[in-house]
Amino acid sequence: MPKALLLENLHPEARVILETAGFDVQTRTGALDEDELVEALDGVTVLGIRSKTQVTEEVLAKAPELLVIGTYSIGTNQIDLRAAAERGIATFNAPFSNTRSVVEIALADIIALTRRLTVLDKKMHAGVWDKSAEGSHEVRGRTLGIVGYGNIGTQLSVLAENLGMSVIFYDIAEKLALGNARKMPSMDALLAEADIVTLHVDGRPGNAGLFGADQFALMKPGAVFLNLSRGFIVDCTALRESVESGAIAGAAVDVFPVEPKRRGDPFDSELRGLDNVILSPHTGGSTEEAQENIGQFVSTKTRDYLATGSTTLSVNMPNIALDPPDGVHRLAYLHRNIPGVLANVNQTFAAFGLNIEAQMLATSGNLGYVVTDVPDALNPGLLDELGRRPETIRLLVVS
């Protein structure tokens with residue numbers, strides 16, 4: 001029975017799907033450091049994580065039986081995707097499953113900050129009745145600036161317009177504007193016009209340090225700032241100084257450069273204690289609905305890859321959509337993308353007297369992925385022959 005290891009308190013549905021597929025599933029509530037992870041991966045075929053566990057090249061080198069990594073989140077920067085691909089370890093994430101949850105918390109933060117609800121709440125709990133409209137505004141008629149117009153940014157754009165907001169956005173890629181949203185020629189131009197700035201960029205290394213003192217200085221006086229994307233893209237010291245000086249009227253931060261690994265661990269940040277600053281523990285996508293959707297999506301993708309060879313939506317493998325094998329034997333062959341590989345594969349099948357019923361090939365960069373269906377059982381000699389070829393990365397016998 002193949003083993004699966006699920007870390008970081010994943011939704012129970014993730015476990016149910018894998019157990020139903022025949023996996024021996026072990027679960028742990030927290031993240032593991034590198035040495036702990038190497039030890040835990042002994043004999044493991046499937047690893048499931050969220051954002052805290054770092055899957056480095058060193059870890060992958062010591063996990064020869066690992067075939068799949070499921071990251072039950074949007075981001076994949078916690079995994080060395082290149083090293084995983086070079087070892088034939090397919091990686092799947094959940095690019096859409098928690099979009100609505102992040103959008104809703106962004107809207108909640110925008111309204112709470114614009115109405116200064118956190119300040120009023122603290123005073124009320126302290127026994128102070130401070131009934132005043134000072135510094136409190138409607139969001140209707142205000143301009144929302146979205147940096148990063150992907151799945152989350154576009155859905156936020158539509159809902160913000162329904163609240164009566166004007167929407168501008170900036171993205172390094174060409175994106176179709178939805179509704180009445182306007183694309184800005186630069187992030188600087190967006191900062192100069194937006195009453196509220198919200199970041200929804202991905203975790204690519206080039207985004208490190210994206211937002212610092214220079215960017216805060218370009219924002220409109222009294223604007224509101226949100227970071228619900230990645231902790232390492234914002235200079236928290238610069239944000240604190242902007243809030244303390246009054247240049248920024250408020251902020252909501254859900255992600256941090258350094259985050260505790262386990263629930264209940266101590267947390268510290270230079271942003272603690274500031275008025276009209278909302279801090280949340282990386283829970284933008286953490287609703288029960290989103291976590292159930294993520295658990296279903298990633299576990300299903302993992303199960304289907306091992307059952308059919310299908311790599312649809314894998315973030316590090318050539319993508320091929322496949323139905324379950326029907327009365328045939330299937331071999332999935334991941335290899336280095338060099339000329340002549342497919343001809344060599346087919347010659348090898350012919351040498352063992354196997355007729356090919358169906359075959360699909362996809363390539364991506366340095367990787368090639370060919371899936372072959374044959375009517376007869378796969379001869380161990382054929383597998384040995386392909387396994388010895390210098391371009392071979394991994395063979396997966398599906399059926």
Side-chain angles (χ1 to χ4, degrees), residues 74-75 98-118 137-173 175 177-184 186-203 207 209-212 215-236 238-239 242-243 247-256 271 274 276-280 282-286:
I74 296 176
N98 67 356
T99 300
R100 180 69 183 203
S101 294
V102 178
V103 169
E104 287 190 3
I105 198 173
L107 290 172
D109 286 340
I110 288 168
I111 293 172
L113 294 170
T114 306
R115 294 296 299 271
R116 296 182 63 79
L117 294 182
T118 60
H137 302 276
E138 294 182 352
V139 297
R140 180 180 57 177
R142 297 177 77 78
T143 299
L144 173 63
I146 302 173
V147 179
Y149 204 62
N151 298 324
I152 294 171
T154 51
Q155 189 171 142
L156 176 59
S157 173
V158 172
L159 294 183
E161 281 199 353
N162 289 336
L163 292 175
M165 303 182 77
S166 298
V167 176
I168 57 178
F169 70 91
Y170 173 70
D171 199 297
I172 59 173
K175 296 294 179 67
L178 301 183
N180 295 313
R182 292 182 290 122
K183 182 176 182 179
M184 303 302 287
S186 67
M187 187 165 70
D188 289 358
L190 178 144
L191 298 179
E193 187 173 335
D195 299 302
I196 300 132
V197 174
T198 181
L199 307 184
H200 299 285
V201 303
D202 61 29
N207 284 333
L210 175 72
F211 218 94
Q215 286 70 40
F216 286 116
L218 292 173
M219 289 175 62
K220 292 174 65 174
V224 164
F225 174 79
L226 288 78
N227 181 22
L228 306 176
S229 53
R230 300 292 186 275
F232 63 81
I233 68 176
V234 174
D235 183 339
C236 291
L239 174 56
S242 297
V243 172
I248 302 299
V253 180
D254 185 56
V255 288
F256 303 88
L271 302 177
L274 296 176
N276 209 31
V277 172
I278 300 172
L279 304 181
S280 50
H282 206 146
T283 52
S286 294

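In this structure a side-chain-to-backbone donor-acceptor pair under 3.5 Å is missing from D195 to R142.
Residues that satisfy the side-chain hydrogen bond (donor to acceptor under 3.5 Å, both in side chains) test with D171, not counting sequence neighbours, are K175.
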Worked verdict on V224 versus I110 for side chain to side chain contact (heavy atoms under 4.5 Å, CB included)
CA-CA 8 Å; V224 164; I110 288 168; 5.8 Å; no
Could you go through the side chain to side chain contact (heavy atoms under 4.5 Å, CB included) check for T198 and D109 one step at a time?
CA-CA 10 Å; T198 181; D109 286 340; over 6 Å; no
So L210 and M187, side chain to side chain contact (heavy atoms under 4.5 Å, CB included) or not? Walk me through it.
CA-CA 10 Å; L210 175 72; M187 187 165 70; 4.1 Å; yes
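The OG1 atom of T283 sits 11.5 Å away from the CG atom of N98 when rounded to the nearest 0.5 Å. We find the CG-OG distance between N207 and S229 to be 8.0 Å, quoted to the nearest 0.5 Å. For the atom pair CG (N227) and CZ (F256), the distance works out to 8.5 Å, reported to the nearest 0.5 Å. Rounding to the nearest 0.5 Å gives a distance of 4.5 Å between CZ of R182 and CD of E193. Here CG of N180 is found 4.5 Å from CD of E161. Values are rounded to the nearest 0.5 Å. How far CZ of F169 is from NE2 of H200: 13.5 Å, rounded to the nearest 0.5 Å.
Residues S157 and A181 share a closest heavy-atom pair of OG-CB, 3.6 Å. Taking every heavy atom of both residues into account, I146 and G153 meet most closely at CD1-O, 3.5 Å. When every heavy atom of N276 is checked against every heavy atom of A249, the shortest pair comes out as ND2-O, 2.9 Å. Here the shortest heavy-atom pairing between S280 and D254 reads OG-OD1, 2.6 Å. Here the closest non-hydrogen pair linking M165 and L144 is CE-CB, 3.7 Å. Nearest heavy atoms, L271 versus V277: O-CG1, 4.2 Å.
Residues V234 and F211 are in side-chain contact: their nearest non-hydrogen atoms beyond the backbone lie under 4.5 Å apart. D188 places none of its side-chain heavy atoms less than 4.5 Å from the side chain of Y170. When side chains are defined from C-beta on, L113 does not count as touching I196, because their heavy atoms never get closer than 4.5 Å. You'll find the side chain of F216 stays beyond 4.5 Å of the side chain of V197, heavy atoms only. You'll find the side chain of I74 stays beyond 4.5 Å of the side chain of N151, heavy atoms only.
One finds a salt bridge joining E104 and R100 here, because a Lys/Arg side-chain nitrogen approaches an Asp/Glu carboxylate oxygen to under 4.0 Å.
A 6.0 Å sphere centred on CG of N162 holds more than 12 heavy atoms belonging to other residues, nucleotides or ligands.
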